[in-house]
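This chain uses plain numbering: 1 for the first residue, then up along the sequence. Predicted model, so just to flag it, every value in this text is computed and none were measured.
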Amino acid sequence: MRSATYSGPGAAADVISIADEAVPVPGPTEVIVRVAAAGLNPVDVKIRAAAVDFGPIEYSDRPGWDVAGTITALGADVHDWAVGDTVFALAGFPRAAHTLAEYAAVPAADLAAVPSGWSLAQAGAAPLAALTAWQALDAAGVGAPGTATTPRVLVLGGAGGVGHLAIQLAKARGARVLATASPAKHELLQGLGVDEVIDYRDEEALAAIGPVDAVIVTVDDTLPPRGAVVPGTAVVTITGYSDDQQTTLAGWGADPVARILVVANGSQLAEIAGLATAGKVTVHLDSEYSLDDLAAAQERVESGRVTGKVVVILPEA
């Protein structure tokens, strides 16, 4: 099979190549997926550029975690899936998974059926971002029993991969959603159901947001507007805050101030798929690339101008 590899740390165009490798054999609790699409995420390019582990996230010279495709083989202990099933997954994260290849070994526990209404490209693009959004909302208590029945949720970076999915999942949990984005992206977010879109550069509009129940932070080094955080506001970041920033937020009364690292979870992905089948969640694709153009795809992610998700397409041979 053809598989993407890194020669070491460095720029995408310098270190990415496509190699011929043996098709993997499933372990007892794995399936083999003929990969149709694999999403790219900021963690992919950070790992490639540094060639080091990021905390629990394993470096590998054979990249990829997001995957969608068709099962071609089953491990001996897999009984809930069948050859021919069309599935998607965040494979093994934070362990290395090697999904940027024509075939990938995927833990059966990480799988969900591709929802009707989604293309394989959308399914392949979604898992890491969708699960990150889901788990961030869980950490913030959005939709949890005993919390506000119509919580106000502010998503910072609403047009990104995680942000545009967090908006839709928060709406599905009954939230009133506010989101920041550049003006060119406001129409997209309104189409996703955002109740109020704010230009992230408009200081007056940011100051007028008022108290919210939860803030989901998807952009680096960005504090919520001061007036949005009051005692009891949950602030959940996917990128992390410095000690000083955490102290500032705690002083404003944020509870909790939390950073999450997504984990693979097939059950949660199946719940997201159910919402997608019901028409409540879609995936906006920024751009599609072939495996041979993986360097360009990663450069697109690194540009910081992505709206939604970048995905690599691997057509049937």
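- In the hydrophobic clustering of this structure, Val306 groups with Val262; members are Ile, Leu, Val, Met, Phe, Trp, Tyr whose side-chain heavy atoms approach within less than 4.5 Å, directly or through other members.
- Arg2 is listed as a side-chain neighbour of Asp292, based on a closest heavy-atom distance under 4.5 Å.
- Asp14 CG: more than 12 foreign heavy atoms inside a 6.0 Å radius.
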Take Leu206 and Asp199, measure what side chain to side chain contact (heavy atoms under 4.5 Å, CB included) needs, and give me the verdict at the end.
-> CA-CA 8 Å; Leu206 292 169; Asp199 182 348; over 6 Å; no
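- Of the possible donor and acceptor atoms, none in the side chain of Glu271 sits under 3.5 Å from a partner among the backbone N and O of Gln268.
- A donor-acceptor distance shorter than 3.5 angstrom exists from the side chain of Gln135 to the backbone of Val263, with no hydrogens or angles considered.
- Rounding to the nearest 0.5 Å places CZ of Arg300 at 5.5 Å from OG of Ser287.
- The backbone N or O of Val283 lies less than 3.5 Å from a partner atom in the side chain of Gln122, making a donor-acceptor pair.
- In this model, a donor atom of one side chain and an acceptor atom of the other lie less than 3.5 Å apart for Asp293 and Ser290.
- Contact check on Lys171 versus Asp195 returns a salt bridge, with a Lys/Arg side-chain nitrogen under 4.0 Å from an Asp/Glu carboxylate oxygen.
- Pairing each heavy atom of Trp81 with each of Ala113, the nearest pair is CH2-N, 3.6 Å.
- Of all non-hydrogen atoms in Val15 and Pro9, the two that sit nearest each other are CG1-O, 3.6 Å.
- Under the 4.5 Å side-chain heavy-atom criterion for grouping Ile, Leu, Val, Met, Phe, Trp and Tyr, Ile32 is not connected to Val106 through any hydrophobic cluster.
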Evaluate side chain to side chain contact (heavy atoms under 4.5 Å, CB included) for Ile216 paired with Val153, printing each intermediate quantity in order.
CA-CA 8 Å; Ile216 307 301; Val153 176; 4.2 Å; yes
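- At least one donor-acceptor pair closer than 3.5 Å links the side chain of Arg48 to the backbone N or O of Gly10.
- Under the 4.5 Å side-chain criterion, counting only non-hydrogen atoms from C-beta, Asp20 is not in contact with Met1.
- Atom-to-atom distance recorded for Tyr289:OH and Leu291:CG is 14.0 Å, nearest 0.5 angstrom.
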Exercise for the section: Could you please spell out the steps behind the side chain to side chain contact (heavy atoms under 4.5 Å, CB included) verdict for Asp213 and Thr233? Expected result: CA-CA 5 Å; Asp213 296 289; Thr233 298; over 6 Å; no
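- Checked by atom type and distance alone, the side chain of Arg62 never pairs as donor or acceptor with a backbone atom of Leu100 at under 3.5 Å.
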What verdict does the side chain to side chain contact (heavy atoms under 4.5 Å, CB included) test give for Leu275 and Leu169, after you've listed the backbone C-alpha separation in whole Å, the side-chain angles of each residue and the deciding distance to 0.1 Å?
CA-CA 8 Å; Leu275 293 171; Leu169 293 173; 3.8 Å; yes
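- Both Ile57 and Val162 are members of a single hydrophobic cluster when ILVMFWY side chains are connected at heavy-atom separations under 4.5 Å.
- What you find for Ala228 and Leu154 is that their closest heavy atoms are CB-CD2, 4.2 Å.
- Closest non-hydrogen pair, Tyr241 versus Val217, comes out as OH-CG2, 3.3 Å.
- Side-chain contact between Ser182 and Arg201: present, with at least one pair of heavy atoms (C-beta onward) separated by less than 4.5 Å.
- Within a 6.0 Å sphere centred on CZ of Arg226, other residues, nucleotides and ligands contribute more than 12 heavy atoms.
- Each of Thr222, Asp221, Val257, Thr237 was scored for a side-chain contact (heavy atoms from CB on, under 4.5 Å) with Gln245, with one residue passing: Asp221.
- Interatomic distance, CH2 of Trp65 versus CD1 of Ile47, reported as 5.0 Å (0.5 Å rounding).
- Atom-to-atom distance recorded for Thr5:OG1 and Asp61:CG is 6.5 Å, nearest 0.5 angstrom.
- In the hydrophobic clustering of ILVMFWY residues, with side-chain heavy atoms under 4.5 Å counting as a link, Val219 and Val177 come out apart.
- The shortest non-hydrogen separation linking Pro224 to Leu156 is CA-CD1, 3.9 Å.
- In this structure, Asn41 and Lys309 have side chains that are in contact, with non-hydrogen atoms separated by less than 4.5 Å.
- At least one side-chain heavy atom of Val229 sits less than 4.5 Å from a side-chain heavy atom of Val235.
- The backbone N or O of Val67 sits nowhere less than 3.5 Å from a side-chain atom of Thr99 that would complete a donor-acceptor pair.
- Put simply, the side chain of Leu178 reaches to within 4.5 Å of the side chain of Arg152, judged on heavy atoms.
- Leu192 is listed as a side-chain neighbour of Thr282, based on a closest heavy-atom distance under 4.5 Å.
- Clustering ILVMFWY residues whenever any of their side-chain heavy atoms sit less than 4.5 angstrom apart, transitively, puts Leu90 in the very cluster that holds Leu120.
- Note that CH2 of Trp134 and CD1 of Ile260 are 13.0 Å apart. Values are rounded to the nearest 0.5 Å.
- Panel note: side chain Glu58, backbone Ala96; a donor-acceptor pair is recorded below 3.5 Å.
- What you find for Gly124 and Val311 is that their closest heavy atoms are C-CG2, 4.4 Å.
- A donor-acceptor contact shorter than 3.5 Å is absent between the side chain of His164 and the backbone of Gly158.
- For the atom pair CD1 of Ile167 and OG1 of Thr218, the computed distance is 9.0 Å after rounding to the nearest 0.5 Å.
- No side-chain donor from either of Asp110 and Asn265 sits under 3.5 Å from a side-chain acceptor of the other.
- Phe93 has its side chain out of reach of Thr132: every pair of non-hydrogen atoms, C-beta onward, lies at least 4.5 Å apart.
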